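What you are looking at is a predicted structure, and each value in this text was computed from that prediction instead of being measured. Both ligands and their constituent atoms are indexed starting at 1 by order of listing.
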Amino acid sequence: MLKGKRIILGISGGIAAYKSPLIIRLLKQKGASVQVVCTQNALKFVTLPVLETLSENSVYLDVFPKNRAYSTEHISITDNADAMLVAPATGNVIGKFASGIADDALSTTFMAFDKPVFIAPAMNTKMWLSPIVQRNVKMLSELKHILIGPGEGDLACGYAGAGRMSEPQEIVDSLEAFFSSKSLSGKKVLVTAGPTFEKIDPVRYIGNFSSGKMGYAIASVLASRGAEVVLVSGPVSIAADPKVELIATESAMQMHQACLKQFPKCDAAIMAAAVADFRPADFSNKKLKKENTDSLTIKLEKNPDILAELGSKKKKGQIVIGFALETDNEVENARKKLNNKKADLIVLNSLNDAGSGFMHNTNSIVLVDRTGKPIKYPLMSKTEAAAIVVDALEALLNVKK
Ligand code: C5P
């Protein structure tokens, strides 16, 4: 979808600029052409030869180049571009963009570009949270510019928190989503994601290691293709795509209720949640004490199997896709799940594949359906895997692209 697209990549002077060359590579790998525009300060973090070699293009840096009497490059560059991305965007350039200051190559190009610009902020947490920066990003969002991130994590200044530039892959995925076809418009899809927490007492629960990343990536890909998405999520620490309706749940019983309510209004369901099979039979209102006992037995009772219920009892023409995480007899077990739960497709992840399954940003999946041989895909980002699952859903829904 980025093939043949002409992208302007604006780079400003923050430490995250060391990742900008990777963004260029990813864009080029997708078949886009890249025109870099950068500030003088960006070159303190990344060099011209790197940017020019990777982009296979000269970098636009100077509004008044010495060897040219006349230059309006900021206009001609924008005339030819399909999208503009600024990554990293420092607090300073965000401030300039929001206030209409155009005093260098990047800010004049931004002002001349007449479509929404993708902005990936990167700065120290205190700067990011400052009221001025927050006001500026709000203003840019209201003007329909598209913010990517920032994420949370370790920052170069020693702080940890919000302000970290989104990873290059995520940034490129956002651009790709922007150009993707709206093949699912008019369709409503229910997605489940994350773990469930089954309470033992007010401070303890039984849970699992699901991060929610796979289901959240699916929700985001669906939304980018124009679907209306209801994401029923267990407790996770990642943010949902703003285009998605998020229903936050905690336990399997809550997730079950939310799914039963949403499913009749949907054309399909993709169940990526790692739902606990059992919950404590008795919830203790008071914290269980360790005194006076050397062992503790917690009686468990079975949770409803949401996928099986939707697939075998509630389905009225909807497509239902489930996941299976297996350690042995993988395809055989996935087939059993397909039949027992009356799903239309099972997406199998193996815990035996390095980089696949819980917590990772990557996954290697096998699609198991009723028609034929299982299809195995190589290790890829969860966003790419999500796109494959959504392609399969489109085929099942018989959506015309
Ligand atoms: O049976 P198993 O847990 O391996 O099946 C996994 C699939 O079933 C996943 O799609 C998961 O979201 C779904 N599931 C469910 N409700 C349960 C257990 C699993 O929807 N109680």
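- Within the structure, side chain to side chain donor-acceptor pair (under 3.5 Å) pairs that include any residue of residues 246-274 comprise His256-Glu309 (at least two apart or interchain).
- With sequence neighbours excluded, the residues forming a side-chain contact (heavy atoms from CB on, under 4.5 Å) with Thr125 are Leu129, Leu155, Tyr159, listed by chain and number.
- In this structure, the side-chain contact (heavy atoms from CB on, under 4.5 Å) partners of Ala16, at least two apart in sequence or on a different chain, are Pro88, Ala122, Met165.
- In the model, Glu198 has a side-chain atom that pairs as donor or acceptor with a side-chain atom of Thr196 under 3.5 Å.
- The 4.0 Å heavy-atom shell around ligand 1 contains residues Met271, Ala273, Val275, Asp277, Pro304, Asp305, Ile306, Leu307, Gly322, Phe323, Lys337, Lys341, ordered by chain and number.
- Under 3.5 Å, the side chains of Asn303 and Arg279 contain a donor-acceptor pair of N or O atoms.
- Although no hydrogens or angles enter the test, the distance criterion places no donor-acceptor pair under 3.5 Å between the side chain of Ser130 and the main chain of Lys126.
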